[in-house]
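Working notes, structure below.
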2 protein chains.
Amino acid sequence: MYLRALSSLQDRGVATVSSEELAAAAGVNSAKLRKDLSHLGSYGTRGVGYEVEYLVYQISRELGLTQDWVVAIIGVGNLGRALAGYGGFASRGFRVAGLLDADDSIVGQEISGMTVRHIDRLEDIIADHGVSIAVIATPAAAAQGMCDRVVAAGVTSVLNFAPVVLSVPDGVDVRKVDLSIELQILAFHEQRKAGGPGDYEPVAGGIPGAVVADAAGDGAPPGAAQYIEAVEA
Amino acid sequence: MYLRALSSLQDRGVATVSSEELAAAAGVNSAKLRKDLSHLGSYGTRGVGYEVEYLVYQISRELGLTQDWVVAIIGVGNLGRALAGYGGFASRGFRVAGLLDADDSIVGQEISGMTVRHIDRLEDIIADHGVSIAVIATPAAAAQGMCDRVVAAGVTSVLNFAPVVLSVPDGVDVRKVDLSIELQILAFHEQRKAGGPGDYEPVAGGIPGAVVADAAGDGAPPGAAQYIEAVEA
DNA sequence: GCGACTTTGTGCGCGTATTCACAAAGGCTT
DNA sequence: AAGCCTTTGTGAATACGCGCACAAAGTCGC
């Protein structure tokens, strides 16, 4: 996030920036920013701030963005297509080495300048291009199987968009992006603003510590009556 | 996440589940799971576990998923298209009321059964359909402007995919999903496995607490070649 | 060259999240 | 009906992240 804010400053021709300004741009507290940056070393100048260009370089280096990373995208549905065309990857040193799918009607198509290849060739492509990061954008049912294959082929970092918890051996990193969970979190807060669950049983004070037993409070029935019984029993 | 794991159990016809099993499925510690669930009330049976169907209902209700939420998607590029076609929304009570874009060559197109409408009609659509959640999938430059408009029109929850920090008034919730940051995080860990920044200056022990001063840290020379000197010096 | 001013780097305290570990609770078997 | 066995719910301990506040460090003006 700091890198993003710094790039933006760089575009505007700003040469130096104080922790206060950069923190505001990144949406964090300035003390936190200074502490974070201090973990990289002491790159600021007291009384002045940080030199933008130098800081960009140091952060990029620490994040490993000064080298190229080879990525394979598994699953070329709507999401896979969006990822293939996402400009944010190339600009940060991520090179997409392959788009792979199991569907023969998709294999061979040209997407964002790349040809979709059959999933059978997964292992070849990983080995040939030195893929170290796999992006899984398959349906949930296929995700674990694909994950196992990429890991077996030597990939040690996985970005998972499928709504499942992937299990991997030690030494393999997995990150998960779950679009519908993000919406659910928003819906939860939205509901809170409107006055608690179903507008009749507000959560006390916040989620943590709030022990709101559904005291006789029958929760609205979807499958219906049985739940009311369950609560009242 | 618990809801997702429970749905999966439900599909397999499992009637009851212990905290241990559910925690494993969701990828968390079982004590944490029990504490989380206890905040909703006491819905487990000692010696037995939790009834899957009942728990699904209680969590859904607490999250506000027993009611419908109306969503507008702003920006119909690759990502907007993927979101429009994402099945995970409808199945959790999220209804897409509109796809909006500023590009006349996109307006009028049919995507996933919905017609893309011009951004001029944003305020109408929000008011007419009672949109409470806006999804921003525009380019970075347009995001803050669109955010201001949806907030002015009464939306109080925003899911932002654009790589900028949105500023909003108090009372409005913003969540951010940043695809390239996820990849950068993976790249960082990948680099760590391979032996630190550039393979010559490993971070000590971990990020927090690691004060890897750029020993002999001479100040701040701009220009790529000089950075290498700075590090090697 | 010196003093005032600005801004970094960080010690400290606070609140929260996470985990352990166990007593209480309930079902199941005999 | 009584006791055993399983599993929950939670107090206590620990770990962690965040922000405040300030001393140290460096710049800029005079």
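Here the structure is a predicted model, which is why all the values come from computation and not from measurement. Only this structure's heavy atoms are used, side chains among them; waters, hydrogens and symmetry mates stay out. A, B, ... follow the sequence lines: proteins, then strands. Residue 1 opens every chain.
The CD atom of Glu21(A) sits 14 Å away from the P atom of dT6(C) (whole-angstrom rounding). Rounded to whole angstrom, the span from the CZ atom of Arg34(B) across to the C1' atom of dA17(C) amounts to 16 Å. Protein atom OH of Tyr43(B) is 14 Å distant from nucleotide atom C1' of dG9(D), rounded to whole Å. Rounded to whole angstrom, the span from the CG atom of Asp36(B) across to the P atom of dA17(C) amounts to 10 Å. Per the geometry, CD belonging to Glu20(A) stands 13 Å off P belonging to dT6(C), to the nearest Å. Between Leu40(A) atom CG and dG9(C) atom P there is a gap of 10 Å when expressed in whole angstrom units. With rounding to whole Å, Leu22(B) atom CG is found 14 Å from dT7(D) atom P. Note: CG (Leu33(A)) to P (dG17(D)) measures 17 Å, nearest angstrom.
In this structure, the separation between CD1 on Ile133(B) and CG on Leu159(B) is 8.5 Å, given to the nearest 0.5 Å. With rounding to the nearest 0.5 angstrom, the OG1 atom of Thr138(A) is 12.5 Å from the CD1 atom of Ile73(A).
Sorted by first and then second residue, the salt bridge (Lys or Arg N to Asp or Glu O under 4.0 Å) pairs involving residues 130-152 of chain A (not counting sequence neighbours) are Glu123(A)-Arg149(A).
Residue Val158(A) is tested with Asp173(A), Ile74(A), Val174(A) for a side-chain contact (heavy atoms from CB on, under 4.5 Å); the sole match is Val174(A).
Evaluation of atom-type donor-acceptor distances gives no pair under 3.5 Å for the side chain of Lys35(A) against the base of dG17(D). Between the side chain of Arg46(B) and the base of dT7(D), no donor-acceptor pair of N or O atoms lies under 3.5 Å.
Closest of all the heavy-atom pairs between Val164(B) and Ala143(B) is CG2-CB, 3.7 Å. Here the closest non-hydrogen pair linking Arg34(A) and Ser19(A) is NH1-OG, 2.9 Å.
Minimum atom distance to the side chain of Thr45(A) is reached by dT27(D), of the listed dT27(D), dT10(D), dT7(C).
Judged by distance alone, the side chains of Glu51(A) and Thr16(A) never bring a donor and an acceptor atom under 3.5 Å apart.
End-to-end axis angle for the helix from dG1(C)-dC30(D) to dT30(C)-dA1(D), using five pairs per end and rounding to 10°, comes out at 10°.
Listed pair Lys32(A) / dC18(D) meets the phosphate criterion, a side-chain N or O lying under 4.0 Å from OP1 or OP2. The side chain of Ser19(A) contributes no N or O atom lying less than 4.0 Å from OP1 or OP2 of dT7(C). Taking side-chain N and O atoms only, Tyr50(A) has no distance below 4.0 Å to OP1 or OP2 of dG26(D). OP1 or OP2 of dG9(C) sits under 4.0 Å from a side-chain N or O of Ser42(A).
Between Val48(B) and Asn29(A), it is Val48(B) whose nearest contact on DNA chain D lies nearer the 5' terminus.
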